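Below is one structure, written out as structure tokens; comments come after it.
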Amino acid sequence: MEVTMVRVRYAPSPTGHIHVGNARTAIFNYLYARHEGGTFVMRLDDTDLERSTEENIDSMLDDIHWLGLEWDEGFLKGGNLGPYRETERKPLYDLYLQQLLDEDKAYRCFCTKDELEAERRRAEAEHRIYRYGGACAHLSAEQVEQNITQGKPYAIRLRIPEEDVIVHDLVRGDVQFKTEEFDDFVIARQNGIPIYNFATVIDDALMEITHIIRAEEHLSNTPRQVFIYRALNFDVPQFAHVSLILAPDHSKLSKRHGAVSVGEYRLEGYLPEALINYLVLLGWSPKDDREFFTVDELIKEFSLEGVGKSGAVFDKKKLTWMNHMYLGRKDAVAILTILKEDFAEQYAAAFGGLPEDKTLAAINLTKGNAQVLPDLFALARNIVQPDIVITDEKSQEVIASPEAKQVVQYLVDHFDAIPFGQGNDAMSSWVEDLRNQIPLPAKKLYSPIRVALFGSKDGPEIVKLFLMLEPASIRERLQKALAL
RNA sequence: GGCGCUGUAGAACAGUGGUUAGUUCGGGGGGCUCUCAAUCCCCAAACAGGAGUUCAAUUCUCCUCGGCGCUACCA
């Protein structure tokens with residue numbers, strides 16, 4: 001049996017930061033390639049010259065790198081089957097266009113836009129389904145010649161044979177299309193530039209792509225592409241059409257729904273591993289209850305059989321929850337690095353000029369309470385800065401009560417009894433013993449202390465706060481709390 | 001309109017010809033003799049509808065309805 005090396009591709013239009021839907025498609029391709037030990041090819045679909053600016057290409061690449069989806073062959077990487085930018089592949093398209101013309105599998109169509117438009121209107125008025133009438137399908141060689149010498153512009157249409165098409169889709173099974181649903185569609189415009197369906201087929205075939213994993217929106221166009229593969233005697237690859245990502249109202253997820261691109265989530269403080277994990281789970285399932293996966297685990301587990309068929313609503317709350325879980329487990333040094341690089345300004349404002357080990361300790365103490373990276377600035381700054389800021393009302397109420405004052409006053413009065421520098425156990429038992437000293441319910445006892453030391457009634461354990469903060473700083477905080 | 005894909009709680013996913021239909025997020029409540037987004041426990045919440053096949057259908061088939069996509073000299 002012939003063993004074919006799996007080759008998949010990601011062919012983004014570089015119009016800026018990557019939409020999460022495209023990102024998921026890229027992730028699936030990446031995982032499939034790695035799982036199968038195949039090759040992941042990256043091709044730039046940059047035919048939209050207006051939007052394919054260098055800046056947009058960079059944004060797209062930033063997102064891909066940030067997600068860690070390194071490709072093996074293609075744009076910027078090279079390979080034997082290039083070029084890997086569609087704008088550089090025009091000669092290739094021309095070659096195959098000419099071949100189809102020579103073999104009479106395609107023909108020149110001299111119809112004007114107005115003529116076609118009129119034809120379409122007529123069909124609509126008569127409630128017929130519009131299909132190209134074939135005015136130019138059987139022009140004689142002389143007529144064609146004459147039109148060309150007259151300088152009449154022409155598009156190129158593919159002759160559709162009388163054959164049904166069955167698309168074997170790895171996630172949807174066999175999908176059947178009847179030949180009469182299609183007309184001789186345009187494969188190259190009057191300006192000579194091929195349309196998407198044609199260019200993609202040429203690219204995928206020449207780059208020897210074996211599995212095309214892409215969004216569901218392309219499923220309906222797949223039979224058209226199959227006609228092209230067949231006309232050129234190219235092997236038809238395997239297809240896998242992945243469902244779309246939807247907004248909460250089930251419409252297509254777009255900018256009006258808030259953040260939709262990888263770049264935006266990065267800016268909001270999500271971790272790449274969390275975004276990948278969430279995105280993969282949106283439409284793929286390991287068929288059991290596991291939810292957390294490293295990329296290596298995903299590579300091991302991923303299969304097209306696990307990919308779901310129905311559209312999935314993007315749930316930012318669940319993403320945020322997942323990010324929170326990842327943040328809590330992430331190494332503080334790694335977090336600090338990201339904070340410095342991606343949030344330089346806020347970093348400088350919150351931790352600027354402080355010794356790094358202090359910042360690190362503060363991050364370690366509070367990372368479990370952060371949902372997105374910037375939360376850390378508010379959380380950790382109160383540990384590290386001399387002036388604490390109490391932002392939420394409930395915490396302000398807690399510290400304002402007479403009982404709270406009583407507790408804080410006790411600590412001030414017995415400050416020397418706090419076992420600083422004597423280790424974890426000593427501090428723990430001292431904190432516990434406070435309950436014997438002050439006759440208050442635990443909650444009423446400890447909440448004010450946390451607010452006084454940390455600025456919020458919720459957060460790190462009291463013991464850890466006492467261990468973490470400088471004694472002088474603690475004294476100062478307690479005294480300030482009395483005045484609140 | 002035509003064609004195609006699709007339809008399990010508010011959301012994401014499991015699952016089964018006979019089950020108390022499971023897990024996670026979100027919502028509600030409670031425990032953890034300090035809190036919390038951490039952890040543990042509990043509650044509410046779903047098989048779109050209708051036929052057919054069958055002793056039996058959420059599960060198989062068909063239809064209807066709903067969602068989405070394609071129907072471009074867009075990608």
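Naming convention: chains lettered A, B, ... in sequence-line order (proteins, then strands); numbering from 1 in each chain. All values below were derived from every heavy atom in this structure, side-chain atoms included, with hydrogens, water molecules and symmetry-related copies excluded. Treat the numbers as computed from the prediction; the structure is a model and nothing was measured.
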Taking B:rU20 as the reference, what is the distance to B:rG15 when you measure between their C1' atoms (whole Å, please)?
15 Å

Closest to side chain of A:Ile129, choosing from B:rC25, B:rA75, B:rG1
B:rG1

Heavy-atom closest pair (A:Leu253 atom, A:Leu246 atom, distance to 0.1 Å) is CB-C, 4.1 Å

Using the C1' atom on both, measure B:rC41 against B:rG4 and round to a whole Å.
47 Å

Sticking with atom C1', work out how far B:rC34 lies from B:rU19, rounded to a whole angstrom.
43 Å

Determine the interatomic distance between P on B:rU39 and the same-named atom on B:rA44; round to the nearest Å.
23 Å

Comparing A:Arg24 and A:Lys457 on RNA chain B - which has the more 5′ nearest nucleotide:
A:Arg24

Please state the P separation for the pair B:rU59 and B:rC43 - nearest whole angstrom.
28 Å

Would you indicate which nucleotide in B:rU33, B:rC73, B:rU35 comes nearest to any side-chain atom of A:Ala442?
B:rU33

Would A:Arg290 and A:Glu297 pass as an ion pair if we require N to O under 4.0 Å?
no

Using the C1' atom on both, measure B:rC32 against B:rA38 and round to a whole Å.
12 Å

Minimal non-hydrogen separation, A:Ala274 against A:Asn323, with atom names:
CB-OD1, 3.4 Å

Under the criteria of a ring-centre distance below 5.5 Å and an interplanar angle below 30°, is A:His250 stacked with the base of B:rG66?
no

Integer angstrom distance from the C1' of B:rA37 to that of B:rC5:
39 Å

Under a 3.5 Å limit on both distances, the Watson-Crick or wobble mate of B:rA48 is B:rU64

Please report the distance separating the C1' of B:rG18 from the corresponding atom of B:rG10, rounded so that it comes out in whole Å.
31 Å

From the candidates B:rA75, B:rA12, B:rC34, the one with an atom nearest any side-chain atom of A:Ser13 is B:rA75

Can the ring centres of A:Tyr278 and A:Phe314 be said to be less than 6.0 Å apart?
yes

